[in-house]
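A quick write-up on the structure given underneath.
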Amino acid sequence: MRWGLVGLVLFVCACDSRYGAYFVIKSDVEFDAVEVYFGTPIDSSGPGSGDSFATPTFGAQRGTLFDRTFADADVLTVGATTETTFYVPPTEANQQLGAYVAAVALSGGHPVGIAEYFGFAVPSDVVHEYQLKLAPWNPQEAERWGDTPGCLVWKHARDNGTGFVAVVHGDDRDCDTLVRNADCNDLCSAGSPACAADTSFCGGATGVCALGCSANGVCSPSLCLPPATCDTTCAALGNVTDRLACGAAKTSNHAEIFVERNDTLQMCAMEFLFSPGVPCVMPKIEAKVPADLTGFTYAISSVPGNTMMCNLGVIQDPMTPLDDFDEHHLLISFAPPTNIGPRPTVVIGIQAKPNSVACANQPYYLVQMPTPPQVYACP
């Protein structure tokens, strides 16, 4: 049995035979790692199944589907090379493989080539060798996505025509870690610009106020919210935008930015720095209050070199003076700390600083926060 850089053993067996399947991966360009995708056929005739799947880039599609059979050794580091071989021993489990395998070669973490093989065998009494000649990776034809074990799709011309072949998960066709019976939309991967997953508010018996997916009694939050968003008043509102704004407006325990104004009732400062209490990574303004706020355009970004600080920028329309300045509220979300799970949120209030008539002194704004800052995260 061969091991190391020349072998990829999916399931360990206590045998001395070198019988089995050997896959030789060849490329015209160097690669330093290989990802292997073994797939078993997915029955497309069952109720609610079919041959549909979805990727973040291609969106919902139809094609030939395989259910990924994954092991930790499916990702192989090989060092810079243009050819490597991996070995699949003839264990009982491996002999159930054979419908499909795809190999993706990577260089520096980026895919550079792809190859596939249909209908191979893992024999226990002979050696079978299979040649996988890598085609150049084309992001318009192929995509890898999803958390480990991830998924793969490749569309190109084959003997039976041009079409998609995908290695996904039988109970998770968009590979977003939500099984189908708990996924509001199993044909819309998280963050996909090609579609919008169906969302609803999770709350009530769960004790968690969040926006996410609630299906078949299972709540999967994607955006954690202030508890007021799920109270009777806000819950009675008809749409997501109004309800998020309602929750932000009713949340009193939040940071407050007091802004100086000049003689013409314009803001003295156009940027405000504050610490949200969580890393300011991929910040996003989810809602503003009032929801139909006009005259002020806000943008949020992280501060280079300091992930614990945010930069809130504002553009004030000159025709919108701060004479009757009502307090604004913003609901802001951030990437979850481990990049997995629902996004935490904070509420920021912004109002004109009393008795400020000129931009004479710096700083032009004051940030007042609760201690510690209130972060709304799902337990």
Side-chain angles (χ1 to χ4, degrees), residues 190-191 199 201-203 206-212 219-231 233-235 237 240-259 267 269-291 293 296-315 325-353 363 365-379:
T199 57
F201 283 90
C202 307
T206 65
V208 175
C209 184
L211 185 65
C219 175
S220 300
S222 59
L223 182 70
C224 307
L225 299 170
T229 314
C230 292
D231 71 10
T233 301
C234 295
L237 299 177
V240 172
T241 300
D242 290 343
R243 188 166 170 179
L244 291 179
C246 174
K250 293 185 65 178
T251 300
S252 59
N253 189 17
H254 61 259
E256 194 77 39
I257 300 176
F258 295 94
V259 187
M267 287 183 175
M270 294 292 103
E271 293 184 338
F272 318 117
L273 298 179
F274 69 96
S275 176
V278 293
C280 188
V281 177
M282 298 178 64
K284 178 182 178 183
I285 297 175
E286 300 286 352
K288 56 185 180 180
V289 183
L293 178 66
F296 300 90
T297 302
Y298 288 99
I300 184 82
S301 63
S302 55
V303 175
N306 189 346
T307 59
M308 296 307 297
M309 295 294 291
C310 284
N311 186 339
L312 180 64
V314 60
I315 298 175
F325 184 81
D326 293 328
E327 182 180 11
H328 301 173
H329 290 89
L330 300 177
L331 178 68
I332 302 172
S333 72
F334 308 91
T338 61
N339 288 324
I340 298 175
R343 293 172 63 92
T345 58
V346 299
V347 176
I348 301 294
I350 304 162
Q351 59 179 299
K353 193 173 180 180
Y365 64 94
L366 171 67
V367 179
Q368 178 180 314
M369 306 189 100
T371 305
Q374 180 63 55
V375 177
Y376 300 99
C378 305

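Heads up: numbering here begins at 1 and tracks the sequence.
- Taking CG of Leu225 as the start and SG of Cys230 as the end, the distance is 6.5 Å to the nearest 0.5 Å.
- Cys224 has its SG atom at least 2.5 Å from the SG atom of Cys209.
- The shortest heavy-atom contact between Ala228 and Cys234 is O-SG, 3.3 Å.
- In plain terms, the two heavy atoms of Val346 and Pro276 that are nearest each other are CG1-O, 3.5 Å.
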Give the intermediate values and the outcome of side-chain contact (heavy atoms from CB on, under 4.5 Å) for residues Cys378 and Val208. CA-CA 6 Å; Cys378 305; Val208 175; 3.9 Å; yes
Leu223 vs Tyr376, side-chain contact (heavy atoms from CB on, under 4.5 Å): CA-CA, chis, key distance, verdict: CA-CA 9 Å; Leu223 182 70; Tyr376 300 99; over 6 Å; no
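- Distance check: Leu211 CG to Thr199 OG1 gives 4.5 Å after rounding to the nearest 0.5 Å.
- Between Thr345 atom OG1 and Leu331 atom CG the span is 5.0 Å, to the nearest 0.5 Å.
- Other residues, nucleotides and ligands place more than 12 heavy atoms under 6.0 Å from the CG atom of Leu366.
- Taking NE2 from His329 and CD from Gln351, the interatomic distance works out to 8.0 Å, rounded to the nearest 0.5 Å.
- A distance of 5.0 Å separates CD1 in Ile332 from CD1 in Ile348, rounded to the nearest 0.5 Å.
- Shown here is Met282, whose CE atom has no more than 12 heavy atoms of other residues, nucleotides or ligands within 6.0 Å.
- Pairs of residues two or more places apart, or lying in two chains, that qualify as side chain to side chain donor-acceptor pair (under 3.5 Å) and include a residue from residues 275-286 are Glu286-Ser333.
- Among residues two or more places apart in sequence or in another chain, the side-chain hydrogen bond (donor to acceptor under 3.5 Å, both in side chains) test is passed with Asp231 by Lys250.
- Among residues two or more places apart in sequence or in another chain, the side-chain hydrogen bond (donor to acceptor under 3.5 Å, both in side chains) test is passed with Gln374 by Asn253.
- With rounding to the nearest 0.5 Å, the separation of CG in Leu244 from CG in Leu237 is 10.0 Å.
- A ring-ring contact (aromatic ring centres under 6.0 Å, His included) with Phe272 is found for one member of Phe258, Tyr298, Tyr365 and no other, namely Tyr365.
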Cys280 vs Val303, side-chain contact (heavy atoms from CB on, under 4.5 Å): CA-CA, chis, key distance, verdict: CA-CA 8 Å; Cys280 188; Val303 175; over 6 Å; no
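- Scanning both residues, Pro344 and Val375, for their nearest heavy atoms gives CB-CG1, 4.0 Å.
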Could you go through the side-chain contact (heavy atoms from CB on, under 4.5 Å) check for Val259 and Val314 one step at a time? CA-CA 11 Å; Val259 187; Val314 60; over 6 Å; no
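- Of all the heavy atoms in Cys310 and Ile300, the pair that sits closest is CB-CD1, 3.9 Å.
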